[in-house]
Amino acid sequence: MKSIYMTGFMGAGKSTVSRLLAEEMGLAHHDTDEEIVNAAGKSINRIFEEDGEIVFRKLESEILHVLPKENAVIATGGGIIVSEENRIFMRRNGIVIFLYASIEEILERLKEDTTRPLLQGDNKEKAASLYEMRLPLYRETADICAETGGKQAEEIASDIKHCLKGAGLGHTC
Ligand SMILES: Nc1ncnc2c1ncn2[C@@H]1O[C@H](COP(=O)(O)OP(=O)(O)OP(=O)(O)O)[C@@H](O)[C@H]1O
Ligand SMILES: O=C(O)C1=C[C@@H](O)[C@@H](O)[C@H](O)C1
Ligand SMILES: [Mg+2]
């Protein structure tokens, strides 16, 4: 089958849910953020600090293009959809699943997190404006939208699997 690209804002649960979904469906699992860290040999924070976001985005797009286009579940980074070329690539080559969580839920999930450079500092307005700017891009790129609020990762993975099996594409949220 075509690979599954999981998209959504930071903290939506892409890394967590994609791993479970891959296990449940017997597919390979990849995470663009992990691949970037491995390729660069340093953390995302350090890439942003030492090389800048533009270099990070270039690596992210390169990695997206070389990951398997079949039989894999791929967790993407929260900003992958900012590039139109990446959006077109994912739509053309795979099934795109948008994990939706409200900004309140995201800020709650990530309140202790120090690994996401774009959310460092206690600037909720900045996070909310990035979220609002990206929301239409997640929506327009998605084949399936999965609501994550109030659900455990296992339940979300299982909902997605059933949706895919029933070919119930086209959910909105
Ligand atoms: N459904 C959920 N309910 C509550 N917490 C969750 C849920 N899914 C994930 N989390 C928690 O939220 C945090 C972020 O999850 P995860 O790393 O999977 O997000 P992500 O979408 O991959 O983020 P990023 O875009 O930054 O890579 C983790 O601490 C994880 O345990
Ligand atoms: O939303 C974003 O722009 C990001 C999300 C993370 O997955 C990482 O890719 C990085 O922290 C940037
Ligand atoms: Mg992740």
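Start at 1 and go down the list; that is how both ligands and their atoms are numbered.
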Proximal ligand 1 atoms for [X], defined as those under 4.0 Å from one of its heavy atoms:
| X | answer |
| --- | --- |
| Gly78 | 25 (O) |
| Phe9 | 21 (O) |
| Asp33 | 27 (O) |
| Ile156 | 1 (N) |

With hydrophobic residues grouped by side-chain heavy-atom distances under 4.5 Å, do [X] and [Y] end up in a single group?
| X | Y | answer |
| --- | --- | --- |
| Phe9 | Met133 | yes |
| Ile88 | Tyr5 | no |
| Ile47 | Ile54 | no |

Do any side-chain atoms of residues 79-86 form donor-acceptor pairs under 3.5 angstrom with protein atoms, and if so which ones, sequence neighbours left out?
{"residue": "Ser83", "atom": "OG", "partner": "Glu85", "partner atom": "N", "Å": "3.3"}
{"residue": "Ser83", "atom": "OG", "partner": "Asn86", "partner atom": "N", "Å": "3.0"}
{"residue": "Asn86", "atom": "OD1", "partner": "Ser61", "partner atom": "OG", "Å": "3.3"}
{"residue": "Asn86", "atom": "ND2", "partner": "Ser61", "partner atom": "OG", "Å": "3.2"}
{"residue": "Asn86", "atom": "ND2", "partner": "Ile80", "partner atom": "O", "Å": "3.2"}

Per-atom contacts of ligand 2 with [X], taking only distances under 4.0 Å to non-hydrogen atoms:
| X | answer |
| --- | --- |
| Gly77 | 7 (O), 9 (O) |
| Leu118 | 2 (C), 3 (O) |
| Pro117 | 11 (O) |

With backbone taken as N, CA, C and O and side chain as the heavy atoms from C-beta onward, which portion of [X] lies under 4.0 Å from ligand 1: side chain, backbone, both, or neither?
| X | answer |
| --- | --- |
| Asp113 | neither |
| Lys151 | backbone |
| Arg109 | side chain |
| Leu99 | neither |

Salt bridge (charged side-chain N to carboxylate O under 4.0 Å, His left out) partners of Glu140, counting only residues at least two apart: Arg87

Tell me, please, which residues at least two apart from Glu62 pass salt bridge (charged side-chain N to carboxylate O under 4.0 Å, His left out). Lys58

Give me the atom names and distance for the closest heavy-atom approach of [X] to [Y].
| X | Y | result |
| --- | --- | --- |
| Lys69 | His65 | NZ-O, 3.6 Å |
| Ser3 | Asn71 | OG-N, 3.7 Å |
| Thr32 | Gly77 | OG1-N, 3.0 Å |
| Pro68 | Ile74 | O-CD1, 3.5 Å |
| Thr76 | Thr7 | OG1-CA, 3.6 Å |
| Ala12 | Thr148 | O-CG2, 3.8 Å |

Less than 3.5 Å between some nitrogen or oxygen of Asp33 and one of ligand 2, yes or no?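 There is such a contact, yes.
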
Using distance alone, determine whether Phe48 and ligand 2 share an N or O pair under 3.5 Å.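 No.
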
Below 3.5 Å, N or O to N or O, backbone or side chain included: is there any such pair between [X] and ligand 1?
| X | result |
| --- | --- |
| Gly13 | yes |
| Arg116 | yes |
| Lys14 | yes |
| Thr16 | yes |

Using heavy atoms and a threshold below 4.0 Å, how should the contact between [X] and ligand 2 be classified: side chain, backbone, both, or neither?
| X | answer |
| --- | --- |
| Phe9 | neither |
| Arg57 | side chain |
| Arg134 | side chain |

With the threshold set at under 4.0 angstrom, would you say Gly11 reaches ligand 1 through any of its heavy atoms?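 Distance cut 4.0 Å: Gly11 passes for ligand 1.
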
For atom 5 (C) of ligand 2, which of the options Ala127, Gly78, Ala75 provides the nearest non-hydrogen atom?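 Of the listed residues, Gly78 has the closest heavy atom.
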
Is atom 28 (C) of ligand 1 near the protein, in the sense that some protein heavy atom lies at less than 4.0 Å from it?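 Under the 4.0 Å cut-off, atom 28 (C) of ligand 1 has no protein heavy-atom neighbours at all.
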
Show the numbers, then the answer: is there a side-chain contact (heavy atoms from CB on, under 4.5 Å) between Arg91 and Asp143? CA-CA 8 Å; Arg91 282 205 60 84; Asp143 294 299; 3.6 Å; yes

Which word best sums up how the rings of Tyr138 and Phe98 line up, parallel for under 30°, tilted for 30 to 60°, or perpendicular for over 60°?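 Geometry flag for Phe98 against Tyr138: parallel rings.
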
Partner of Asp122 under side chain to side chain donor-acceptor pair (under 3.5 Å), chosen from Lys126, Lys124, Gln120: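 Of the listed residues Lys126, Lys124, Gln120, the side chain to side chain donor-acceptor pair (under 3.5 Å) partner of Asp122 is Lys124.
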
Salt bridge check: are Lys151 and Asp159 linked by an N-O gap of less than 4.0 Å? yes

Taking the Mg ion (ligand 3) as the centre, how many protein N/O/S atoms fall inside a distance shorter than 2.8 Å? 1

For Glu24, is the CD atom crowded, meaning more than 12 foreign heavy atoms sit under 6.0 Å from it?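 Count over threshold, so yes.
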
